[in-house]
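I have placed the structure first, in the form of structure tokens, so that the comments after it can refer back to it.
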Amino acid sequence: MKEAAERAAALREALAVSPDNAPLRRLLARALFEAGAAAEAAREWEWLLERDPGDAEARAGRERCREALAVPAEEEEAAAAPRGRVLRLVEGGRQGAARPRPPRLTFADVGGMEELKEELGRRIVDPFRRPELYRAYGRRAGGGMLLFGPPGCGKTYVAQATAGEAGVPIVVVAIEEILDLYVGESEKHLAAIFAEARRLAPAVLFFDEVDALGASRQQARQPHERRLISQLLVELDGAAADNAGVLVLGATNSLWHVDPALRRPGRFDRTIFVPPPDAAARQAILGLALRGKPVGEDLDLGHWARLTEGFSGADLTALVEEATDRAMQEALAGGKVCPLSRRHFAAARETVQPSTTEWFETARRYAKYANEAGTYDPVLAYLSRQSGRPGRRR
């Protein structure tokens with residue numbers, strides 16, 4: 001414990017020079033927890049989650065801290081949270097109170113991506129904002145929709161921003177909040193999650209990595225896996241209760257692994273492609289990742305946004321962290337703060353490559369051989385607009 005406390009103190013000194021360094025924060029959170037400072041560790045995990053709400057390690061770390069602090073569930077805020085806030089079921093997805101999560105996001109928090117925001121506004125936000133108009137045409141808010149695209153491109157972030165734009169709560173569900181070791185319990189947890197979403201309606205129910213929950217039943221090796229998929233189909237159909245006012249959003253990197261039955265009418269029958277960030281979004285992400293860091297006058301973010309075509313949001317953050325590490329090495333050698341410059345970014349760009357290339361190669365094959373319904377047309381349209389393969393250097 002003493003060694004962990006000393007390590008935490010050293011990491012705090014490093015953060016004083018680079019306060020927005022996410023990897024350092026992550027190391028500090030681990031060290032603080034080992035040192036017995038669970039409350040301080042929880043704050044560091046919260047900082048990371050505010051930056052990336054989909055950070056699984058940060059979410060798990062925060063939960064461990066809360067368990068160590070023995071925060072009673074009844075002290076958590078109840079389900080009557082302001083509209084547009086992020087909610088999450090407690091106790092691993094079991095029935096109980098929901099509690100508010102990070103402050104709500106809206107489309108104003110999503111840099112660039114105008115085409116995507118326009119489509120989400122038309123297909124999701126407007127039905128919630130103008131229900132009377134949609135009812136006049138026999139339509140209503142709700143249903144099921146799948147967001148798909150390369151990993152690290154902000155599908156969870158976009159889902160939260162969409163709910164915030166519509167002014168409704170969002171219940172974010174991770175796969176570990178459903179799965180249980182005991183037979184039949186996973187199905188009960190799933191039913192409880194849907195029941196909570198119906199109680200909060202109008203609301204968005206968001207399943208991250210839905211392919212892990214609803215993978216093809218032909219690939220399911222165990223009977224309980226097939227039962228869980230069947231339970232999901234029942235809940236989506238509204239056979240157990242009316243899903244009016246509940247939009248079920250799923251996110252997946254591997255649309256081709258989702259059970260075809262989940263994509264039939266009345267279920268996840270609509271798909272939206274979430275591409276890598278465009279130039280405006282890349283510049284905004286770079287600016288956010290650089291916030292609080294010493295930046296040189298020769299660092300033109302517009303220039304680096306143009307040179308990172310095909311980079312995901314996670315790739316851009318990795319680029320900034322790599323450049324930051326190089327600047328810190330110079331600072332440690334020289335004994336003074338060294339601002340991040342074009343030189344550091346150029347060296348980092350030689351190391352950090354876009355992670356989306358492999359995904360697009362796989363998606364291209366499915367678009368070529370399994371695109372009867374036109375599901376992958378947006379992917380083909382995106383690729384046709386690129387001047388070269390994603391991430392090509394200029």
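Between Glu34 and Arg30, no side-chain nitrogen of the basic residue sits less than 4.0 Å from a carboxylate oxygen of the acidic one, so the salt-bridge criterion is not met. Ion pairing of Glu46 with Arg51 is absent here, as no side-chain N (NZ or NE/NH1/NH2) approaches a carboxylate O to less than 4.0 Å. A salt bridge links Arg129 to Glu165: at least one charged side-chain nitrogen sits closer than 4.0 Å to a carboxylate oxygen. In summary, Glu196 and Arg199 engage in a salt bridge, as defined by a charged side-chain N under 4.0 Å from a carboxylate O.
Asn371 contributes a side-chain N or O that, together with a main-chain N or O of Thr375, makes up a donor-acceptor pair within less than 3.5 Å. Within the 3.5 Å criterion, the main-chain N or O of Leu236 finds no donor-acceptor partner in the side chain of Arg267. Proximity of a side-chain donor or acceptor of Asn243 to a complementary backbone N or O of Glu235 within less than 3.5 Å is detected. At distances below 3.5 Å, not a single donor-acceptor pair connects side-chain atoms of Asp55 with backbone N or O atoms of Leu49. Under a 3.5 Å cut-off, the side chain of Trp359 and the backbone N or O of Pro151 do not form any donor-acceptor pair. In this structure a side-chain-to-backbone donor-acceptor pair under 3.5 Å is missing from Ser254 to Trp256. Judged by distance alone, with hydrogens and angles left aside, the side-chain atoms of Tyr134 form no donor-acceptor pair with the main-chain N or O of Phe128 at under 3.5 Å. At least one donor-acceptor pair closer than 3.5 Å links the side chain of Asp315 to the backbone N or O of Ser355. Put simply, the side chain of Lys155 never gets that close to the backbone of Gly250: no donor and acceptor are under 3.5 Å apart. Looking at Asp237, its side chain never comes within 3.5 Å of a backbone N or O of Val234 through a donor-acceptor pair.
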Q: For side chain to side chain contact (heavy atoms under 4.5 Å, CB included), just list the numbers for Leu247 and Ile124, CA-CA rounded to whole Å, side-chain angles, deciding distance to a tenth of an Å, and then say yes or no.
A: CA-CA 8 Å; Leu247 173 68; Ile124 298 179; 3.3 Å; yes
Q: Run the numbers on Glu57 and Arg59 for salt bridge (charged side-chain N to carboxylate O under 4.0 Å, His left out), then give the verdict.
A: CA-CA 5 Å; Glu57 184 191 5; Arg59 185 168 59 244; over 6 Å; no
(Q) Run Glu119 and Arg123 through salt bridge (charged side-chain N to carboxylate O under 4.0 Å, His left out) and show every step you take. (A) CA-CA 6 Å; Glu119 183 177 10; Arg123 297 175 67 174; 2.8 Å; yes
Q: Could you walk me through whether Asp269 and Arg263 pass side chain to side chain contact (heavy atoms under 4.5 Å, CB included), step by step?
A: CA-CA 5 Å; Asp269 53 354; Arg263 295 171 54 196; over 6 Å; no
Q: Let me see the working for Val171 and Val204 under side chain to side chain contact (heavy atoms under 4.5 Å, CB included), right down to the final yes or no.
A: CA-CA 6 Å; Val171 179; Val204 173; over 6 Å; no
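Side-chain atoms of Phe360 and Arg365, non-hydrogen and from C-beta on, never get closer than 4.5 Å to each other. Put simply, the side chain of Phe107 does not reach to within 4.5 Å of the side chain of Met113, judged on heavy atoms. Put simply, the side chain of Pro276 reaches to within 4.5 Å of the side chain of Cys153, judged on heavy atoms. Side-chain atoms of Glu309 and Arg306, non-hydrogen and from C-beta on, never get closer than 4.5 Å to each other. Using a 4.5 Å cut-off on side-chain heavy atoms (C-beta onward), Leu116 and Val274 make contact. Side-chain atoms of Val110 and Leu105, non-hydrogen and from C-beta on, never get closer than 4.5 Å to each other. Residues Leu48 and Glu44 form no side-chain contact, since every pair of their non-hydrogen atoms from C-beta on lies 4.5 Å or further apart. Proximity of Leu28 to Leu24: side-chain heavy atoms (C-beta onward) are nowhere separated by under 4.5 Å.
For the salt bridge (Lys or Arg N to Asp or Glu O under 4.0 Å) test, no residue two or more places apart in sequence or in another chain qualifies with Glu115. Taking the ring pair (Phe, Tyr, Trp, His ring centres under 6.0 Å) definition, one finds that Trp304 meets it with Phe345, sequence neighbours left out. Residues forming a salt bridge (Lys or Arg N to Asp or Glu O under 4.0 Å) with Glu114 (at least two apart in sequence, or on another chain): Lys117.
For the residue pair Cys338 and Glu330, the shortest heavy atom distance occurs at SG-OE1, 3.3 Å. When all heavy atoms are compared, the tightest approach of Asp109 to Tyr157 is O-OH, 3.1 Å. The two residues Pro339 and Gly296 make their nearest non-hydrogen contact at CB-N, 3.7 Å. Residues Val379 and Ala363 share a closest heavy-atom pair of CG1-CB, 4.0 Å. Nearest approach of Glu321 to Pro23, heavy atoms of both residues: OE1-CD, 3.3 Å. Contact record, Ala318 with Val352: O-CG2, 4.1 Å, taken as the closest heavy-atom pair.
Side-chain contact of Arg326 with Thr351: a donor-acceptor pair under 3.5 Å is present, judged by distance alone. Side-chain contact, Ser341 with His344: a donor N or O sits under 3.5 Å from an acceptor N or O.
Rounding to the nearest 0.5 Å gives a distance of 10.0 Å between CD1 of Ile272 and CG of Leu146. To the nearest 0.5 Å, atoms CD (Gln283) and CG (Leu316) are separated by 11.5 Å. To the nearest 0.5 Å, atom CG of residue Asp298 and atom NE2 of residue His303 are 10.0 Å apart. Glu185 contributes atom CD, which lies 12.0 Å from atom CG of Leu228 (distance to the nearest 0.5 angstrom). How far CG of Leu255 is from CZ of Phe268: 11.0 Å, rounded to the nearest 0.5 Å. Separation of atoms CG (Leu288) and OG1 (Thr317) is listed at 7.5 Å; rounding is to 0.5 Å.
Leu233 and Leu205 fall within a single hydrophobic cluster, where Ile, Leu, Val, Met, Phe, Trp and Tyr are joined by side-chain heavy atoms under 4.5 Å apart, directly or via other members. Tracing side-chain contacts under 4.5 Å through hydrophobic residues (I, L, V, M, F, W, Y), one reaches Phe311 starting from Leu290; they form part of the same cluster. When the side chains of ILVMFWY residues are joined at heavy-atom separations under 4.5 Å, either directly or via intervening members, Leu380 and Leu147 end up in two distinct hydrophobic clusters. In the hydrophobic clustering of this structure, Met328 groups with Leu27; members are Ile, Leu, Val, Met, Phe, Trp, Tyr whose side-chain heavy atoms approach within less than 4.5 Å, directly or through other members. With hydrophobic clusters built from ILVMFWY side chains whose heavy atoms lie under 4.5 angstrom apart, Val320 does not share a cluster with Trp47.
Phe207 pairs in a side-chain contact (heavy atoms from CB on, under 4.5 Å) with only one of the listed residues (Val248, Leu249, Val172), which is Val248.
The ring of Tyr376 has its center no closer than 6.0 angstrom to the ring center of Phe273.
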